[in-house]
Amino acid sequence: MPSPTETIAGIAVPDTRLVREATALVREAADETLFHHSRRVYFFGSLKAATRGLEVDPELAYVGALFHDLGLTPSYATTDRRFELDGAEAARGFLLDHGRSEREARDVWLAIALHTTPEVPLHLSPEVAVVTLGVETDVLGLDLAEITDRQRTEVVTAHPCPDFKNRILKAFYDGMSARPDTTFGTMNDDVLAHFDPDFHRKDFVRLIRDNPWPE
């Protein structure tokens with residue numbers, strides 16, 4: 001007899017092997033803060049996508065949301081590239097291993113790789129946009145009016161977020177402090193600058209003026 005489909009705030013979690021294995025993988029790799037955050041990203045992103053009339057493949061949206069911060073975890077973090085790319089690569093391999101197409105895996109790769117890049121994801125496929133919509137809701141509180149109070153309460157009840165602002169900032173810092181150069185050109189360097197007094201941002205203007213091209 002099949003398991004009942006999990007539904008929160010009107011958004012269903014597909015009861016498929018791919019989704020179950022994605023959940024298990026992230027549950028093992030991530031702590032409580034990142035796991036519950038990633039699940040909220042799926043629900044909030046899906047709610048906003050529906051409000052905006054976007055048709056999203058729920059399995060791809062789920063993997064994009066669940067894997068988007070996987071690069072912050074010790075099991076998946078590297079020291080030489082942006083944390084977004086670590087999660088994107090893990091998601092791409094996971095989807096290909098589960099029979100998804102190269103195009104579908106690429107869309108989820110883009111969703112994760114670009115989720116800290118404002119605006120751009122919202123002009124790409126729905127499977128790319130949905131992750132950014134969820135992240136911007138859960139971390140930044142953007143456009144909360146698109147989600148009803150009841151929907152918000154249902155999601156947060158299922159996936160609590162105690163002291164979330166401080167805990168997610170700590171997770172960002174812990175996941176990026178060993179690779180500070182990878183934060184250049186992103187909002188991630190704000191996190192390092194806030195918590196590490198010895199961190200020095202690269203200056204884009206200085207890079208242009210000091211580059212080896214002659215005047």
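- His36 and Glu32 are linked by a side-chain donor-acceptor pair at a separation below 3.5 angstrom, with hydrogens and angles left out of the test.
- Between the side chain of Asp31 and the backbone N or O of Leu34 there is at least one donor-acceptor pair closer than 3.5 Å.
- Salt bridge Asp15/Arg20: present, at least one basic N to carboxylate O contact under 4.0 Å.
- Rounded to the nearest 0.5 angstrom, Leu122 CG and Lys48 NZ are separated by 9.5 Å.
- Side-chain heavy atoms closer than 4.5 Å link hydrophobic residues (I, L, V, M, F, W, Y) into clusters, and following such links, possibly through other members, connects Tyr76 to Leu95.
- Here the side chains of Val13 and Thr7 are not in contact, with every heavy-atom distance at 4.5 Å or above.
- Heavy-atom minimum distance, Phe199 versus Pro180: CE1-CB, 3.8 Å.
- The two residues Ala49 and Val130 make their nearest non-hydrogen contact at CB-CG2, 4.2 Å.
- The aromatic rings of Tyr42 and Tyr62 sit perpendicular, their planes meeting at an angle over 60°, well past the 30° parallel limit.
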Go through the steps to decide whether Arg209 and Val205 satisfy the test side-chain contact (heavy atoms from CB on, under 4.5 Å), and finish with yes or no.
CA-CA 6 Å; Arg209 287 182 169 168; Val205 173; 4.1 Å; yes

Donor-acceptor pairs under 3.5 Å, side chain of residues 65-74 to any protein atom, not counting sequence neighbours: which ones?
residue, atom, partner, partner atom, Å
His68, ND1, Ala65, O, 2.6
His68, NE2, His37, NE2, 3.0
Asp69, OD2, His37, NE2, 3.3
Thr73, OG1, Leu70, O, 2.7

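- The shortest side-chain heavy-atom distance between Val135 and Thr132 does not fall under the 4.5 Å cut-off.
- The backbone N or O of Leu25 sits nowhere less than 3.5 Å from a side-chain atom of Glu28 that would complete a donor-acceptor pair.
- Between His115 and Glu84, the side chains place no donor N or O within less than 3.5 Å of an acceptor N or O (distance only, hydrogens not considered).
- Taking all atoms of both residues into account, the shortest heavy-atom contact from Ile112 to Ala91 is CD1-CB, 3.5 Å.
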Salt bridge (charged side-chain N to carboxylate O under 4.0 Å, His left out) between Arg17 and Glu21: does it pass, once the steps are laid out?
CA-CA 6 Å; Arg17 182 173 70 89; Glu21 292 184 3; 3.1 Å; yes

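- With contacts defined as side-chain heavy-atom distances shorter than 4.5 Å, the pair Asn188/Thr116 qualifies.
- Using a 4.5 Å heavy-atom cutoff, the side chains of His194 and Tyr173 are not in contact.
- Of the possible donor and acceptor atoms, one in the side chain of Arg179 sits under 3.5 Å from a partner among the backbone N and O of Gly175.
- Side-chain contact between Leu18 and Arg100 is present, with at least one heavy-atom pair separated by less than 4.5 Å.
- For Glu127, there are no side-chain hydrogen bond (donor to acceptor under 3.5 Å, both in side chains) partners at least two apart in sequence or on another chain.
- Contact check for Ile147 versus Thr137: side-chain heavy atoms found under the 4.5 Å cut-off.
- No side-chain donor from either of Arg40 and His159 sits under 3.5 Å from a side-chain acceptor of the other.
- Between atom CZ of residue Phe35 and atom CZ of residue Arg27 there is a gap of 4.5 Å, rounded to the nearest 0.5 Å.
- A salt bridge links Arg52 to Asp143: at least one charged side-chain nitrogen sits closer than 4.0 Å to a carboxylate oxygen.
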Apply side-chain contact (heavy atoms from CB on, under 4.5 Å) to the pair Phe44 and Arg152, showing each step before the final yes or no.
CA-CA 8 Å; Phe44 289 146; Arg152 276 183 259 165; 4.2 Å; yes

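- Side chain of Thr186 to main chain of Thr183: a donor-acceptor pair is present (N/O by atom type, distance under 3.5 Å, no hydrogens or angles).
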Please walk me through it: do Asp190 and Arg201 pass salt bridge (charged side-chain N to carboxylate O under 4.0 Å, His left out)?
CA-CA 9 Å; Asp190 289 339; Arg201 303 172 191 258; 2.9 Å; yes

For Asp181 and Lys202: C-alpha separation, side-chain torsions, deciding distance, then whether side-chain contact (heavy atoms from CB on, under 4.5 Å) applies.
CA-CA 8 Å; Asp181 288 345; Lys202 289 184 179 178; 4.1 Å; yes

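- Transitive grouping of hydrophobic side chains (ILVMFWY, heavy atoms separated by less than 4.5 Å) keeps Val26 and Val41 in distinct clusters.
- Side-chain atoms of Thr148 and Gln151 include a donor-acceptor pair closer than 3.5 Å.
- Atoms CG and OG, on Leu60 and Ser101 in that order, are 8.0 Å from each other to the nearest 0.5 Å.
- Between the CG atom in Leu192 and the CE atom in Met176 there is a gap of 5.0 Å [rounded to 0.5 Å].
- Between Thr78 and Leu85 there is no side-chain heavy-atom pair separated by less than 4.5 Å.
- The closest side-chain heavy-atom distance from Leu47 to Glu146 is not below 4.5 Å.
- Linking Ile, Leu, Val, Met, Phe, Trp and Tyr whenever their side-chain heavy atoms come within less than 4.5 Å puts Val155 and Ile11 in one cluster.
- The two residues Asp196 and Asp198 have their closest heavy-atom pair at OD1-N, 2.9 Å.
- Side-chain atoms of Asp107 never come within 3.5 Å of backbone atoms of Glu104 as a donor-acceptor pair (strictly under, hydrogens ignored).
- Thr117 approaches Arg82 most closely through the heavy-atom pair OG1-NH2, 4.2 Å.
- Thr16 contributes a side-chain N or O that, together with a main-chain N or O of Val19, makes up a donor-acceptor pair within less than 3.5 Å.
- The two residues Glu55 and Pro126 have their closest heavy-atom pair at O-CB, 3.5 Å.
- Linking ILVMFWY residues whenever their side-chain heavy atoms come closer than 4.5 Å, directly or via other members, leaves Val56 and Val128 in distinct clusters.
- For Arg39 and Glu6, the salt-bridge test passes: some basic side-chain N is under 4.0 Å from an acidic carboxylate O.
- Phe164 and Val191 end up in the same hydrophobic cluster when Ile, Leu, Val, Met, Phe, Trp and Tyr side chains are linked at under 4.5 Å.
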